[in-house]
There are 2 protein chains.
Amino acid sequence: MTILQAIEKHITLSKEEGNYLLSILDAKVLKQGEFIETAGKITEHFIYVKSGCLMTYYTNEQAHDHVIQFAMPNWWTGDLNSFTKQVVSAYSTRALADSEVLLIQKKDLDTLLDRFPVFEKYFRIIFQNSLITHQNRIVQNIAATAEVRYLEFQKKYPSLEQYVPLKYIASYLGITPEFLSKIRRRLMER
Amino acid sequence: MTILQAIEKHITLSKEEGNYLLSILDAKVLKQGEFIETAGKITEHFIYVKSGCLMTYYTNEQAHDHVIQFAMPNWWTGDLNSFTKQVVSAYSTRALADSEVLLIQKKDLDTLLDRFPVFEKYFRIIFQNSLITHQNRIVQNIAATAEVRYLEFQKKYPSLEQYVPLKYIASYLGITPEFLSKIRRRLMER
DNA sequence: CTAGTTTCTTAATCTAGTTCAAGATATCCC
DNA sequence: GGGATATCTTGAACTAGATTAAGAAACTAG
């Protein structure tokens, strides 16, 4: 599925609108492990995932990584705070597998939204859906055990467990790799 | 501050646009403790808080409440999932203090967005900012101790602690009231 | 004012999840 | 292919936070 087809699930685009969007997108291929944004720098791009998989994570003072989100094909990702306000980013984003991404710069996105307001609607819908997902995750984090969160993760990202190191999944769940190991054994034994 | 003034911090409205918005808003006064939406029903309204304070929470099978968010004056709130998809809500929303709210129905919001696309931009910005806040909270939940989360809560909602029962704050933080008590004593003793 | 209810705290006991350390597997790269 | 490196698991000791229970404080409403 092309990015235009994905977008047209939510809104209708004219030729001109579609072409203009494509003209400001910058395609990039990422090797597994490669960084696209780095904590400590200002986020240059909002990122659309064409193929592969990325993750965005926070590294604390003790150098522990905390995975905020995984990004699958046809999702937008990146540090929205740093991108929006053009402040130094707290998060890094890198490829978990060989990936293709489309990048858009802040000034180009601003121009796009100004010239073709239909994209306001598109991003309104995207952000609204994302907000619902985030609210869900917060409820899970405060109300559910790690085991339940793990089972929910498997439902939400069925393909991911095969090729993402378990330590990142543990991090996403907010637990240690050791404890995830225990949970997995417990589940196997049943 | 009126709702139109609040909105005009983000976008510019014509007389007609402003008046149309006002015409579809339904003002309501809530007594402390009063429900505006209830888990198990379809969320009828997206809620704008004029004054007072609301909370939205999830109640699990063991009848434990989990506070998802507090809503302060000039914020929008409610169960976005239930409202957007018109499915049964998992959350309840009620007033923590005597409050004034403005309500908008789904069909009226849809019409508003259709007739006056400038509101697409407004809600795009609102949802985008909210998403940033939610991402922040997720990081905190998986990376920070309860004590740090409590201190952050106090920064974010300086006025709230005075009149919101501590048990709801504990719930928002994802801990028990008893443990919040311990944290508070620990902090006092320093 | 007072009885009843809700909220807050304290303390003892318990458990989900962490930390540390070590061994076992798998993956990468020359 | 083999050595180096990263990942995954296991277990023992530990700690953040939960649970239970009970008393103190605060806020209702009659």
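Because the structure is a prediction, the values reported are computed rather than measured. The sequence lines fix the lettering, A, B, ..., with proteins before strands; numbering per chain opens at 1.
Annotation: side-chain hydrogen bond (donor to acceptor under 3.5 Å, both in side chains) contacts involving residues 100-126 of chain A, sequence neighbours excluded, comprise A/Ser51-A/Glu100, A/Trp76-A/Tyr122, A/Lys106-A/Asp110, A/Glu120-B/Arg124, A/Arg124-A/Gln128, A/Arg124-B/Glu120.
At the heavy-atom level, B/Gly174 lies under 4.0 Å from the strands shown only through sugar-phosphate atoms.
One can place CZ of A/Arg186 at 14 Å from P of D/dG11, the figure rounded to the nearest angstrom. Remark: C1' of C/dT10 and CG of B/Leu180 are 14 Å apart, rounded to the nearest angstrom. As rounded to whole Å, 17 Å separates atom P of D/dA16 from atom CG of B/Leu173. Protein atom NZ of A/Lys31 is 14 Å distant from nucleotide atom C1' of C/dC29, rounded to whole Å. As a whole-Å value, the separation of A/Met188 CE from D/dC8 P is 14 Å. Between the CD1 atom of A/Ile175 and the P atom of C/dT18 there is a distance of 6 Å, rounded to whole Å. Between the P atom of C/dA16 and the CD1 atom of A/Ile183 lies a distance of 11 Å, rounded to the nearest Å.
Scored by the side chain to side chain contact (heavy atoms under 4.5 Å, CB included) test, B/Ala90 finds B/Tyr58 as partners (sequence neighbours excluded). In this structure, B/Lys9 has no salt bridge (charged side-chain N to carboxylate O under 4.0 Å, His left out) partners at least two apart in sequence or on a different chain. Residues satisfying the side chain to side chain contact (heavy atoms under 4.5 Å, CB included) test with A/Val164, not counting sequence neighbours, are A/Phe70, A/Leu96, A/Leu160, A/Tyr168, A/Ile169. In terms of the salt bridge (charged side-chain N to carboxylate O under 4.0 Å, His left out) criterion, residue partners of B/Glu147 (sequence neighbours excluded) are, by chain and number, B/Arg186, B/Arg190. For A/Ser82, the side chain to side chain donor-acceptor pair (under 3.5 Å) partners at least two apart in sequence or on another chain are A/Thr43. When the salt bridge (charged side-chain N to carboxylate O under 4.0 Å, His left out) test is applied to A/Arg184, the partners found at least two apart in sequence or on another chain are A/Glu161. Not a single side chain to side chain contact (heavy atoms under 4.5 Å, CB included) links A/Thr12 to another residue, sequence neighbours left out.
For B/Met188, the CE atom counts as loosely surrounded, since its 6.0 Å shell holds 12 or fewer non-hydrogen atoms of other residues, nucleotides or ligands.
OP1 and OP2 of C/dT9 both lie 4.0 Å or more from every side-chain N or O belonging to B/Arg185.
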Can you tabulate the close N/O pairs, meaning under 3.5 Å, that link protein atoms to atoms of nucleotides 23-25 of chain C?
none

N/O to N/O distances under 3.5 Å, protein versus nucleotides 6-8 of chain C:
from  : atom 1 : to       : atom 2 : distance (Å)
C/dT7 : OP2    : B/Lys167 : NZ     : 2.5
C/dC8 : OP1    : B/Leu166 : N      : 3.0
C/dC8 : OP2    : B/Leu166 : N      : 2.8
C/dC8 : OP2    : B/Lys167 : N      : 3.2

Would you list the protein and nucleotides 19-28 of chain D atom pairs, both N or O, that sit under 3.5 Å from each other?
none

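In this structure, B/Ser171 and B/Asp65 approach most closely via the heavy-atom pair OG-O, 3.2 Å.
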Validation: residues 26-40 of chain B side-chain donor-acceptor distances under 3.5 Å, sequence neighbours left out:
from    : atom 1 : to      : atom 2 : distance (Å)
B/Glu34 : OE1    : B/Lys31 : N      : 2.9
B/Glu37 : OE1    : B/Glu44 : N      : 3.4
B/Glu37 : OE2    : B/His45 : N      : 3.2

